[in-house]
Protein chains: 2
Amino acid sequence: MMATLFVSQRRGEIPRLLSAFPDARRITPSQARVMAAHGDRIWLMADHSDWPGLTRALAEHGAVIVVMSLTPSETEALRALQAGARGYIHALSPVELLGQVALVTGNQGIWVPAELLGRVLGAAFNSLGGRESLPPENLSALTERERAVALAVAEGRSNKEVARRLDITERTVKAHLGAVFRKLGVRDRMQLVLRLAKQDEHIV
Amino acid sequence: MMATLFVSQRRGEIPRLLSAFPDARRITPSQARVMAAHGDRIWLMADHSDWPGLTRALAEHGAVIVVMSLTPSETEALRALQAGARGYIHALSPVELLGQVALVTGNQGIWVPAELLGRVLGAAFNSLGGRESLPPENLSALTERERAVALAVAEGRSNKEVARRLDITERTVKAHLGAVFRKLGVRDRMQLVLRLAKQDEHIV
DNA sequence: AAAAACATTGGACCGATGGACAGGGTGTAA
DNA sequence: TTACACCCTGTCCATCGGTCCAATGTTTTT
């Protein structure tokens, strides 16, 4: 598992990917829809009409997706990221850059070309008007893992999602979560969220 | 060179950083301004007024900056990134996550908590002319019963409890709740709670 | 060295949850 | 009257959540 796949309709550009990732395979968009697996590293060419839809579908399966375009733009970058892609780069980027992008995106990071990033952030900034959120708190009684699980759950993540994020089984998430409930004296995740949200207001 | 520095006014939370980066040192914001070096990995607590200015100054010196906050928000995240930070995280994040963030940001990657990323991208997308996306709803779109159910659920009540309170069957609660999910564009009660908790001016 | 705490996973159980599919009853607007 | 929105209920079913029964290996404390 954790295959490296290159999704493209046309046949070109494989040698570049292969030199960076020797065990990569090329597949078509339609093939990708059925063989997407959790943890796969997918390099998806934005060369067909429904690449955002495909990106979204694959992202929901837990694949790490980098969209490649021959004509990068900030709107296309946003479309890619919003569809769940973790990276967006020029299709003809040098091999060493591809490796760096793989490293970044493979570790929950976002990769966007620096020149696009500025514009994207500027656009985002103009259309946001401020609000608070998340919990600090009495998490000091918890262990490292328990705290990690508690914070993720407090963000609304499901057990499955938390398991993916921490790279452990769902069973282990349940174990930690049970300990969290016991230590904080709450019954379920719902009460946990409310507890953390409440304590949030007093501290700031 | 390439020192790992922890910038904070207060003295706390160093052990966490140290366990992730044994050779890290803690310095004050004023100290940071003079000893910033190109390539330094700086973890900057957003616990003093001018952290954006400091971030900007250090970024211009070529430092890799991750802003840490006890109360993360999308606006603060944007402020951090616009100031030149490459990462923005919860200050109480688990050690392994810190390592991941260091890896990502040290390789030209961007690191933002996934839940903030979604909102940031949504905002950016709208302001760039991309049509449609996330519902900015409040509870006014709901019917009387739907709103009653939504508010009860937002207090942490189970479907059974809500049913008792409103004197209807649990099945009906589910029906209303399903309508609430659909209208507000959330997938489950957990997301509903978080949504209402963030903008609870409408509640009462 | 022994004891305790921690992280991880397995299996099993069962209630809670949410969607799909299908209705009835009421009122009001076209 | 017809249409429509709202409110209420039912069954079925797949999944999620939380707890109970474990077990193994590591780290820390005593």
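FYI, side chains are in, hydrogens and waters are out, and symmetry mates aren't considered; it's all heavy atoms of this structure. The chains referred to below are lettered A, B, ... by the order of the sequence lines, with proteins before strands, and numbering in each begins at 1.
- In this model, the phosphate group of dC7(D) is approached by a side-chain N or O of Thr143(B) to a distance below 4.0 Å at OP1 or OP2.
- Although no hydrogens or angles enter the test, the distance criterion places a donor-acceptor pair under 3.5 Å between the side chain of Asp188(B) and the main chain of Gln191(B).
- A distance-only check finds no donor-acceptor pair linking the side chain of Arg145(A) to the backbone of Thr172(A) [under 3.5 Å].
- For His48(A), the NE2 atom counts as densely surrounded, since its 6.0 Å shell holds more than 12 non-hydrogen atoms of other residues, nucleotides or ligands.
- In this structure, Arg157(A) contributes its side chain and Arg165(A) its backbone to no donor-acceptor pair below 3.5 Å.
- Judged purely by atom type and a 3.5 angstrom limit, Arg86(B) has no side-chain atom pairing as donor or acceptor with the backbone of Val104(B).
- Of the possible donor and acceptor atoms, none in the side chain of Arg79(B) sits under 3.5 Å from a partner among the backbone N and O of Pro52(B).
- Formation of a donor-acceptor pair under 3.5 Å by the Tyr88(A) side chain with backbone atoms of Ser73(A) is found in this model.
- Whole-Å rounding puts the Glu161(A) CD to dT15(D) C1' distance at 14 Å.
- Comparing dT19(D), dG17(D), dC8(D) against the side chain of Arg145(B) picks out dC8(D) as the nearest.
- When the side-chain nitrogen and oxygen atoms of Asn159(A) are compared with OP1 and OP2 of dC16(D), none of them lie within a distance under 4.0 Å.
- The terminal axes of the helix from dA1(C)-dT30(D) to dG23(C)-dC8(D), fitted over 5 pairs per end, subtend an angle of 40° to the nearest 10°.
- Side-chain N or O atoms of Arg41(B) include one that pairs as donor or acceptor with a backbone N or O of Gly39(B) at under 3.5 Å.
- Listed nucleotides dT17(C), dT19(D), dA7(C) differ in distance to Phe181(A); the shortest reach to its side chain belongs to dT19(D).
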Q: Give the C-alpha distance, both sets of side-chain angles, the deciding distance and a yes or no for side-chain contact (heavy atoms from CB on, under 4.5 Å) between Ile89(A) and Leu97(A).
A: CA-CA 9 Å; Ile89(A) 60 170; Leu97(A) 184 57; 5.5 Å; no
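- To the nearest angstrom, C1' of dG17(D) lies 12 Å from CZ of Arg189(B).
- Regarding Arg187(B), its CZ atom lies at a distance of 21 Å from the P atom of dA16(C), rounded to whole Å.
- Remark: P of dC16(D) and CZ of Arg157(A) are 16 Å apart, rounded to the nearest angstrom.
- Contact check of residues 168-180 of chain A against DNA chain D (heavy atom, cut-off under 4.0 Å) returns Arg171(A), Lys174(A), Leu177(A).
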